There are 2 protein chains.
Amino acid sequence: MSDLLERLRGRGWRMTAQRRVVAEVLDGEHVHLTADEVHARAVAKLPEISRATVYNTLGELVSLGEVLEVATDRRAKRYDPNAHRPHQHLVCARCGAIRDVHPTGNPLSDLPDSERFGFAVSDVEVTYRGICPSCAAA
Amino acid sequence: MSDLLERLRGRGWRMTAQRRVVAEVLDGEHVHLTADEVHARAVAKLPEISRATVYNTLGELVSLGEVLEVATDRRAKRYDPNAHRPHQHLVCARCGAIRDVHPTGNPLSDLPDSERFGFAVSDVEVTYRGICPSCAAA
DNA sequence: TAGCCAAGTCAGACATTGTCTAAGTCAGGT
DNA sequence: ACCTGACTTAGACAATGTCTGACTTGGCTA
């Protein structure tokens with residue numbers, strides 16, 4: 001995903017060492033990191049990067065639609081680099097592990113007009129919860 | 001819902017003024033209050049009630065299954081007294097208004113086995129997002 | 001290549017939401 | 001009425017995120 005860096009440059013992003021590092025962290029592991037985890041990994045590559053910059057950069061990536069915010073629990077937001085293919089999340093109720101999943105059908109069509117109360121409904125988030133195999137084994 | 005007080009007594013709850021007030025607040029308005037809003041309304045009826053007690057009591061009501069926690073944004077949790085009829089939520093992306101909705105179909109059946117990764121999936125939360133009529137008008 | 005300056009970064013204070021602690025209070029059984 | 005453990009309290013603490021105001025720098029211009 002050095003594509004990502006290209007796209008950002010194309011959108012007029014000023015390229016700095018800090019932004020490159022944050023983008024690389026997200027690119028490097030296709031997991032769902034919290035802001036603090038992103039910060040920790042970024043510090044490993046660029047020790048003087050600050051928390052504020054990581055938050056700012058993540059916020060910008062979200063605004064640009066390059067990264068998704070995921071809030072599967074009430075703890076820290078997580079950042080999902082898989083922003084270009086619609087998907088939902090499956091979360092382990094015990095350990096918090098998160099998987100991207102692709103349900104069949106369109107959940108939007110399950111909400112009849114009579115249940116929309118005049119809202120212009122544009123989006124739906126689905127979070128499946130259960131116990132993951134390793135927690136079930138333990 | 002003085003039913004609620006009955007049910008709680010039946011479950012061996014020690015009945016205190018504080019718990020009664022919290023239960024009354026939730027009963028009184030079928031909206032989705034945050035813990036702080038519950039606290040504010042509780043203080044109006046019982047000035048010396050503490051924040052900790054409100055949090056404790058809400059937590060107990062949730063454990064007992066009498067109230068649901070709703071996390072439609074990354075701000076404060078909200079508490080939904082409508083715990084006895086399964087439903088999902090429709091949220092205004094602009095003002096945060098929340099409505100209970102009842103989609104057709106069962107979203108659980110939209111997740112094929114091949115997308116369950118060995119999880120024992122037991123629950124699903126759906127949050128619809130859109131613009132409510134009054135925000136659309138403004 | 002040098003100089004400029006708005007965009008970007010920084011450390012750390014602050015805000016919000018929620019949890020914990022230790023001491024005091026009270027509901028309800030005897 | 002009295003006891004006792006459950007309940008409540010004020011406030012400290014914790015986790016996450018936002019803001020501020022001074023400093024730094026990417027990349028344009030010449």
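Each chain gets a letter, A, B and so on, in the order the sequences are listed, and its residues count up from 1. This structure is a prediction, so every number in the text was calculated from the model and none was measured.
When rounded to the nearest whole Å, the span between CG of B/D36 and P of C/dT16 equals 10 Å. The distance between atom CD1 of B/I49 and atom C1' of D/dC7, rounded to the nearest whole Å, is 11 Å. Protein atom CG of A/D73 is 17 Å distant from nucleotide atom P of C/dT17, rounded to whole Å. For the pair B/L8 CG and C/dG28 P, the interatomic distance rounds to 12 Å; values are reported in whole Å.
Side-chain atoms of B/R19 never come within 3.5 Å of backbone atoms of B/T57 as a donor-acceptor pair (strictly under, hydrogens ignored). Of the possible polar contacts, none joining the B/R85 side chain to the B/H102 backbone as a donor-acceptor pair under 3.5 Å is found. Checking side-chain atoms of B/S122 against main-chain N and O of A/G130 turns up no donor-acceptor pair under 3.5 Å. In terms of modelled atom types and a separation under 3.5 Å, the side chain of B/R78 and the main chain of B/H32 share a donor-acceptor contact.
At its two ends the helix from C/dT1-D/dA30 to C/dT30-D/dA1 runs along axes set 30° apart, each axis drawn from five pairs and the angle rounded to 10°.
For D/dT25, neither phosphate oxygen OP1 nor OP2 lies less than 4.0 angstrom from any side-chain nitrogen or oxygen of A/Q18. At C/dT9, one or more side-chain N or O atoms of A/T16 fall inside 4.0 Å of OP1 or OP2 (strictly under the cut-off). For the OP1/OP2 pair of C/dG29 and a distance below 4.0 Å, the side-chain nitrogens and oxygens of B/R14 include no atom meeting the criterion. Here A/R19 reaches the OP1 or OP2 of C/dT9: one of its side-chain N or O atoms lies under 4.0 Å away.
Among the heavy atoms of the strands lying under 4.0 Å from A/R51 is at least one base atom, whether or not backbone atoms are also near.
Pairing each heavy atom of B/A136 with each of B/I131, the nearest pair is N-CG2, 3.6 Å. When all heavy atoms of B/Q88 and B/V124 are compared, the closest pair comes out as NE2-O, 3.9 Å.
Within residues 52-61 of chain A, the residues having any heavy atom under 4.0 Å from DNA chain C are, by residue number, A/A52, A/T53.
With rounding to the nearest 0.5 Å, the separation of OG1 in A/T16 from CD1 in A/I49 is 7.5 Å.
A salt bridge does not link A/R11 to A/E60: none of the charged side-chain nitrogens sits closer than 4.0 Å to a carboxylate oxygen.
Residue-to-nucleotide proximity on DNA chain D shows that, of B/L46 and B/R75, the 5′-proximal contact is made by B/L46. For B/E48 and A/A76, each mapped to the nucleotide of DNA chain D holding its nearest heavy atom, the one lying further toward the 5' end belongs to B/E48. Residue whose closest nucleotide on DNA chain C sits further toward the 5' end, between B/M15 and A/G12: A/G12.
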May I have the step-by-step check of side-chain hydrogen bond (donor to acceptor under 3.5 Å, both in side chains) for B/E125 and B/H89, ending in yes or no?
-> CA-CA 9 Å; B/E125 280 165 38; B/H89 294 102; over 6 Å; no
